[in-house]
Number of protein chains: 2
Amino acid sequence: MAVTFRQLKYFLVLSEELHFSRAAEKLNISQPPLSASLRQLEERLGFKLMERTSKYVRLTPAGTIFADQAARILGQLDSAMTIAAETAKGAAGELSVGFVPSMLFRDLPAKLKAFQNSHPRVDLILHEMNTTRQIESLLEHKIDVGFVHAVPLPNGISHKVLETERLVACVPRWHRLASKSRIRISELAGERMMVFSRSFAAHYHDKITALLRTANLEPDTSFHIQHWFTVVALVKQGMGVSLVPSSLSSSVFSDVVFLEVEERQAEHDIAQIWRSDNTSPMLQNLLLGLPRFETRL
Amino acid sequence: MAVTFRQLKYFLVLSEELHFSRAAEKLNISQPPLSASLRQLEERLGFKLMERTSKYVRLTPAGTIFADQAARILGQLDSAMTIAAETAKGAAGELSVGFVPSMLFRDLPAKLKAFQNSHPRVDLILHEMNTTRQIESLLEHKIDVGFVHAVPLPNGISHKVLETERLVACVPRWHRLASKSRIRISELAGERMMVFSRSFAAHYHDKITALLRTANLEPDTSFHIQHWFTVVALVKQGMGVSLVPSSLSSSVFSDVVFLEVEERQAEHDIAQIWRSDNTSPMLQNLLLGLPRFETRL
DNA sequence: CTCCATAATACGTAAATTGGTATCAATATA
DNA sequence: TATATTGATACCAATTTACGTATTATGGAG
């Protein structure tokens, strides 16, 4: 015969009431089975939990200790069920999120904050990394979801395009084209065209390079740039011009001008990616909870 | 249907083995009941704990959490049973001990240390107080056992005499009687007789006073002394003489001499006292574990 | 000394639990 | 395609449990 949760519960109520009939009533059973339950528990444990006569019922020292522990055990079972249920619903746990830096210019932070508010027991772990690393990390189970520039994906990775973003030309304020609001890329012929390093974001680099080549332009390879901000800063200093995502054309930059570009292909996709076999409800909640992104202007 | 310890145990083994047949073997049951047990547990919880096909068995995220908690719960039940059993045996808990200061000259400290060694999970709480306070504290459940000078006891307090101690006369080294080894109290006639305050230990004071009166002596009431050491120190300085427990006649005092006393009544009892209705096994262990005391010389 | 409140005991029954055997279903492998 | 492995399912028997009713035992209180 083993100790049961029921015995613990009965004993616990009994230890609060210190009265068999009242405790039995509270438990919606009659008094004899309650007596029996306690007796069996004591038999199993090998020592008395309560001293009782028809005049008083009181805990033994060992009973006091055991009642305390019983309460803890029952509470722990309860919280175990709750926590596990929350995990099962995707309301608790850890979720690792990868993102390319430019997501910070969109409303990823706000969206994640909103998700965090609606899922307070989920720990979001954020990793800034480029698209290639995110794909690797997904396959290695190091992240659960990535926010990337759309690229060809290996098997086992699903994706959803969140946004298609135009590229815009970035030139200094005093540039000959600065007064136009819309140009064709070929109009930039002869300019030094700056693009960040291919090693930093290969697919994106290749995309822009291909686009430039349709207009008979070549990126300048003498720069090893790691970040959009650097590109804009260099443009501002007259080092050259560039093609950048329109999300960058915010008012935080002065002395540079962003010009729309006519070419239809001057755009790229922002996508979220995840392992196709990842059925975690937490992930599903996140994917559903983050609808279209908007660019923060 | 409620969660059972058995279900937790089965699930726990399963979560370690990740293989139904092997886990069933380990549990000494056949495989089908194990499948059934897990299914019932999942039904009760409302979510899946394991994903399983004929090719693999693995924990869901919620299952991982729950397995962890289940282990904790089972461990807690185990330790609850152990700790409570120890308390029931008197091997764990708290025991408050009162004692009159002079017990420190006997081997109470060594005896308590021995008890502590054989009952490492019992916390001994020591309270130095006079006999009267100990009786009060016992009745108020503030202490469990007291070491006192034998006095009349109220109902509900049991006692056992541990030792009968002779009183000895204490005189300065240069005293006219110092060369004798044995005197009668009446030989001290005319000396200033010092006794510590009645308020400090009434019964003991009264006992000595009565003894002196049989020899037509009176204690000097101008001293308000709280401790035996003070009495001896005053004797040493020639302030008077005294009657003290023989346990004090140790070699740590110089320039004073302790003389045996002929009167048969020149003795008092050391006793342990406890509440008669206190059935705590811890107390019984202590009472049994502390046989006759010896005076430390 | 009787009564009253209360816990223990006796006993019967319905239900659940537990675990077995036999078999099925799914899937990877030879 | 046949086979082997493995978990799921169906079904049954035995046991245990859980609980109720009726009754008894105990120990203060009036």
A.B. asks: Please report the closest heavy-atom contact between B:Gln116 and B:Val122, naming both atoms and the distance.
C.D. replies: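 Smallest interatomic distance, heavy atoms only, reads OE1-O, 2.7 Å.
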A.B. asks: Please round to the nearest 0.5 Å and tell me the distance separating atom CZ of B:Arg6 and atom CG of B:Leu74.
C.D. replies: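 The distance works out to 12.5 Å.
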A.B. asks: Between A:Leu138 and A:Val145, what is the shortest heavy-atom contact and its length?
C.D. replies: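 That would be CD2-N, 3.9 Å.
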A.B. asks: Without decimals, in angstroms, what is the distance between B:Leu34 CG and D:dG7 P?
C.D. replies: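 So the CG-P distance, B:Leu34 to D:dG7, works out to 9 Å.
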A.B. asks: By salt bridge (charged side-chain N to carboxylate O under 4.0 Å, His left out), which residues pair with A:Asp269, not counting sequence neighbours?
C.D. replies: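 A:Asp269 satisfies salt bridge (charged side-chain N to carboxylate O under 4.0 Å, His left out) with no other residue.
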A.B. asks: Filter on salt bridge (Lys or Arg N to Asp or Glu O under 4.0 Å), then keep only pairs touching residues 24-33 of chain A, sequence neighbours left out; what's left?
C.D. replies: A:Glu17-A:Lys26
A.B. asks: Could you report the tightest heavy-atom contact between B:Ile73 and A:Ala80, atom names first, then the distance?
C.D. replies: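 Between these two residues, the closest heavy atoms are CD1-CB, 4.4 Å.
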A.B. asks: Under 3.5 Å, which donor-acceptor pairs link side chains of residues 30-41 of chain A to any protein atom two or more places apart or in another chain?
C.D. replies:
residue: A:Gln31; atom: NE2; partner: A:Ser35; partner atom: OG; Å: 3.1
residue: A:Arg39; atom: NH1; partner: A:Glu43; partner atom: OE2; Å: 3.4

A.B. asks: Who passes side chain to side chain contact (heavy atoms under 4.5 Å, CB included) against A:Pro154, sequence neighbours left out?
C.D. replies: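 A:Ile135, A:Leu139, A:Ile157.
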A.B. asks: I need a per-nucleotide contact map over nucleotides 17-25 of chain C, read 5' to 3'. Cutoff is protein heavy atoms under 4.0 Å; write B for the base, S for backbone only, - otherwise.
C.D. replies: SSBBBB---
A.B. asks: Which whole-number value in Å describes the distance from B:Tyr56 OH to C:dA26 P?
C.D. replies: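 These atoms are roughly 15 Å apart.
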A.B. asks: Fit a plane to each ring of B:Phe66 and B:Phe47, take the angle between them on a 0 to 90° scale, and name the class: parallel (under 30°), tilted (30 to 60°) or perpendicular (over 60°).
C.D. replies: perpendicular
A.B. asks: Starting at atom CG of A:Leu41, determine the distance to atom C1' of C:dA8, rounded to an integer number of angstrom.
C.D. replies: 17 Å
A.B. asks: Return the residues of residues 44-53 of chain B meeting this criterion: a heavy atom under 4.0 Å from some atom of DNA chain C. Order them by number, or give none.
C.D. replies: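 None - not one residue of the stretch has a heavy atom sitting under 4.0 Å from the strand.
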A.B. asks: So does A:Ser102 get a backbone contact from the side chain of A:Arg106, meaning a donor-acceptor N/O pair under 3.5 Å?
C.D. replies: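 Between the backbone of A:Ser102 and the side chain of A:Arg106 there is a qualifying donor-acceptor contact (under 3.5 Å).
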A.B. asks: Taking five pairs at each end of the helix from C:dC1-D:dG30 to C:dA30-D:dT1, what angle separates the two helix axes (nearest 10°)?
C.D. replies: 20°
A.B. asks: Got a list of protein N/O to nucleotides 2-4 of chain D N/O distances below 3.5 Å?
C.D. replies:
none

A.B. asks: Please tabulate, for the side chains in residues 89-96 of chain B, all donor-acceptor contacts under 3.5 angstrom to protein atoms that are two or more places apart in sequence or on a different chain.
C.D. replies:
none

A.B. asks: Between B:Glu42 and B:Arg52, is there a salt bridge with N-O shorter than 4.0 Å?
C.D. replies: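 Counted as a salt bridge, because a side-chain N and a carboxylate O are separated by less than 4.0 Å.
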A.B. asks: With a 4.5 Å heavy-atom cut-off, do A:Arg275 and A:Leu283 have their side chains touching?
C.D. replies: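 They are not in contact (no side-chain heavy atoms under 4.5 Å apart), so the answer is no.
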A.B. asks: Report the distance from atom CD of B:Glu25 to atom P of D:dG7, rounded to the nearest whole Å.
C.D. replies: 12 Å
A.B. asks: In whole Å, what is the span from the CG atom of A:Leu27 to the P atom of D:dA18?
C.D. replies: 13 Å
A.B. asks: Could you pull out the protein-nucleic contacts involving nucleotides 1-3 of chain C (nitrogen or oxygen on both sides, under 3.5 Å)?
C.D. replies:
none

A.B. asks: Do A:Asn285 and A:Phe115 make a side-chain contact, defined as non-hydrogen atoms from C-beta onward lying under 4.5 Å apart?
C.D. replies: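 Side chain of A:Asn285 against side chain of A:Phe115, heavy atoms only: contact under 4.5 Å found.
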A.B. asks: Ignoring hydrogens, what is the shortest heavy-atom contact between A:Leu45 and A:Leu49? Give both atom names and the distance.
C.D. replies: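 Minimum heavy-atom separation between A:Leu45 and A:Leu49: CD1-CD1, 3.8 Å.
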A.B. asks: Which residues in residues 14-22 of chain A have at least one heavy atom lying under 4.0 Å from any atom of DNA chain C?
C.D. replies: A:His19, A:Phe20, A:Ser21
A.B. asks: Distance check needed: D:dT17 C1' versus A:Lys9 NZ, whole Å only.
C.D. replies: 15 Å
A.B. asks: Could you tell me whether a side-chain N or O of A:Thr60 sits under 3.5 Å from a main-chain N or O of A:Lys48, the two making a donor and an acceptor?
C.D. replies: yes
A.B. asks: Taking ring-ring contact (aromatic ring centres under 6.0 Å, His included) as the test, write out the residues that go with B:Tyr204, two or more places apart.
C.D. replies: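 Applying ring-ring contact (aromatic ring centres under 6.0 Å, His included) to B:Tyr204 gives B:His149, B:Phe196, B:Trp228, B:His268.
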A.B. asks: Has A:Gln134 got a side-chain atom pairing as donor or acceptor with A:Val97's backbone, closer than 3.5 angstrom?
C.D. replies: no
